Amino acid sequence: MELNAIQDKFERVAKKQKVSSSKSHEWMEQVGREIEQALASIIQWDDKDSSISIDQKIIELKAKLQAIDSQSNLDRPQRELNIDFAKYQKLLEKILHPDLSKTYRNADFDPHIINQIITHHFYREGLFDVADCLIREATETEAISLRVQFQEIHQIIDALKSKRNLGPALDWASANRERLKDSGSDIELKLHKLQFVDIIQNRNRAEALKYIKTHLAPFASSHMKEIQKLMGSLLWFGKLDKSPYADMVDPIHWENLSEELMKTYCNVSGQPFTDPLSVTVAAGVEGLPTLLKLASVMTGKKQDFQAMKQLPVPIELGKSFQFHSVFVCPVSRDQSSEENPPMLLPCGHVLCKQSINKLSKCNTRNFKCPYCPLDASVAQCKQLHF
């Protein structure tokens, strides 16, 4: 991988730099010692001692320094360092600043969809003025409805992060309790737990006990262990940070809850769980090295990258980019679609409908599964839904 090559080259340059620096320090220390010895000898020099003059001592020092310089060979490690550093710079330019135009393909994009994606990104990030400007200039008036939704959640998160005020978040969770329950979210319980810890730290024990009875008791049937933990923390009132429950006061809980609240809000309001623009850019960055290699190989073979209808090699992306199941027929290598859905054979193997039609001669005979010796008919095959 390209990043491994960068790391290997960097480690080599760093090693050469250490060697060069070490030799330079040795040379400087040796020169310093000779100069100090010469100065000490000159200071102790007696005019009566006419056999050795100051000029002679300086001449001797100069000869010693020349001998040290000739034996040090400082220029060799420095020259090697300069060569490796130049190679490292070229590698960085090649990998980190590639010619992206090689991988560009002409495609018909719908400007309306692109504007919607960008507007969604700006609203999601809280850049309301920028999004409003884009809507006005692109005349995308439909996208203004997103503003109200994301403005609400940003106000809630801002109150939570900057003011440690959980009131707006708790009000929203209470108003959407049934929808949160249907989605399997326990964000309301987490908000109440954080509010309870805040009361323990900043108010009194009686108020904390009242809060847990009023707001957390309804969760006891399904989250008894967590409620018991909160009740146990009351015994350490005033010194919770030095108790077995010290993890409850970790400030990271506020940050984590604000992130989870944003994801939960998007889920409940029907917005994408992840920002479409960020996902698109991240996927492009991950797939770009493969595309650059492919374009380079095709250029060497004098093939037109723009003329390809399908990539000859798969581009592997991480699991974070897998949002739904995709079936590729092992016989035809085609991806399933509504017109060509995956079909389950009686033996348990799966083929696309078009492959089954070819094997059965358009449903005129039984056929044998390509992966096992069992016979099957089209009537026995069942369509799969992912």
Side-chain angles (χ1 to χ4, degrees), residues 1 103 105-110 113-114 116-117 179-186 263-264 266-298 301 303-386:
M1 191 176 179
T103 62
R105 301 188 68 185
N106 295 323
D108 294 328
F109 292 108
D110 185 345
I113 295 177
I114 299 298
Q116 290 278 338
I117 292 174
R179 298 170 71 181
L180 291 173
K181 185 178 180 181
D182 293 339
S183 65
S185 173
D186 60 348
K263 293 179 180 179
T264 305
C266 290
N267 184 33
V268 171
S269 60
Q271 297 298 327
F273 183 71
T274 50
D275 179 16
L277 182 61
S278 299
V279 171
T280 303
V281 173
V285 170
E286 189 162 332
L288 185 60
T290 303
L291 291 174
L292 285 169
K293 284 185 178 179
L294 178 60
S296 179
V297 170
M298 294 190 68
K301 293 182 178 181
Q303 296 177 345
D304 188 7
F305 182 76
Q306 296 287 341
M308 283 193 312
K309 293 184 179 180
Q310 186 175 352
L311 294 175
V313 294
I315 297 181
E316 299 293 339
L317 299 178
K319 290 185 177 180
S320 59
F321 298 102
Q322 298 175 8
F323 298 97
H324 56 81
S325 301
V326 174
F327 176 74
V328 177
C329 180
V331 174
S332 65
R333 303 294 180 184
D334 292 332
Q335 185 173 312
S336 62
S337 62
E338 291 183 4
E339 297 76 21
N340 187 27
M343 305 293 290
L344 178 67
L345 277 61
C347 58
H349 292 108
V350 181
L351 304 177
C352 275
K353 186 175 182 179
Q354 291 179 0
S355 296
I356 291 177
N357 288 337
K358 288 180 181 180
L359 291 172
S360 64
K361 300 295 183 180
C362 294
N363 198 15
T364 59
R365 66 174 190 180
N366 291 349
F367 64 95
K368 187 171 290 187
C369 174
Y371 293 94
C372 67
L374 294 180
D375 289 332
S377 65
V378 175
Q380 292 176 310
C381 300
K382 297 180 180 179
Q383 183 176 338
L384 291 179
H385 300 272
F386 292 113

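Quantities reported herein were computed from a predicted structural model and do not represent experimental measurements.
Arg179 is linked by a side-chain contact (heavy atoms from CB on, under 4.5 Å) to Asn176, Val268, counting only residues two or more places apart in sequence or in another chain. With sequence neighbours excluded, the residues that form a side-chain hydrogen bond (donor to acceptor under 3.5 Å, both in side chains) with Gln271 are His120, Gln149. Residues satisfying the salt bridge (Lys or Arg N to Asp or Glu O under 4.0 Å) criterion with Asp375, sequence neighbours excluded, are absent altogether. Scored by the side-chain contact (heavy atoms from CB on, under 4.5 Å) test, Glu338 finds no partners at all (sequence neighbours excluded). For Phe321, there are no ring pair (Phe, Tyr, Trp, His ring centres under 6.0 Å) partners, not counting sequence neighbours. Contacts of Leu345 classified as side-chain contact (heavy atoms from CB on, under 4.5 Å), with partners at least two apart in sequence or in another chain: Cys347, Leu351, Ile356, Phe367, Cys369, Cys381.
Expressed to the nearest 0.5 Å, how far CG of Leu180 lies from OG1 of Thr264 amounts to 7.0 Å. The CD atom of Gln116 lies 10.5 Å from the CD1 atom of Ile114; values are rounded to the nearest 0.5 Å. Rounded to the nearest 0.5 Å, atoms NZ (Lys358) and OG (Ser332) are 7.0 Å apart. Distance check: Arg365 CZ to Leu359 CG gives 8.0 Å after rounding to the nearest 0.5 Å. Atom NE2 in His385 sits 11.5 Å away from atom OG in Ser336 (nearest 0.5 Å). Between the CG atom in Leu384 and the CE atom in Met343 there is a gap of 8.0 Å [rounded to 0.5 Å].
For the residue pair Gln380 and Pro346, the shortest heavy atom distance occurs at CB-CG, 3.5 Å. Taking all atoms of both residues into account, the shortest heavy-atom contact from Leu317 to Ala283 is CD2-O, 3.8 Å. Summarising the geometry of Gly287 relative to Ile315, their closest heavy-atom pair is CA-CG2, 3.7 Å, with the distance given to 0.1 Å. Shown here for Gly348 and Leu344, the closest heavy-atom pair between the two residues is O-CD1, 3.5 Å.
Judged by distance alone, the side chain of Ser185 and the main-chain N or O of Lys181 form no donor-acceptor pair under 3.5 Å. For the pair Asn340 (side chain) and Cys352 (backbone), a donor-acceptor distance under 3.5 Å is absent.
Side-chain contact between His349 and Cys372 is present, with heavy atoms from C-beta onward closer than 4.5 Å. Counting heavy atoms from C-beta on, the side chains of Asn357 and Lys353 come closer than 4.5 Å. Contact annotation: the side chain of Pro341 never approaches that of Phe327 to less than 4.5 Å [non-hydrogen atoms, C-beta and beyond].
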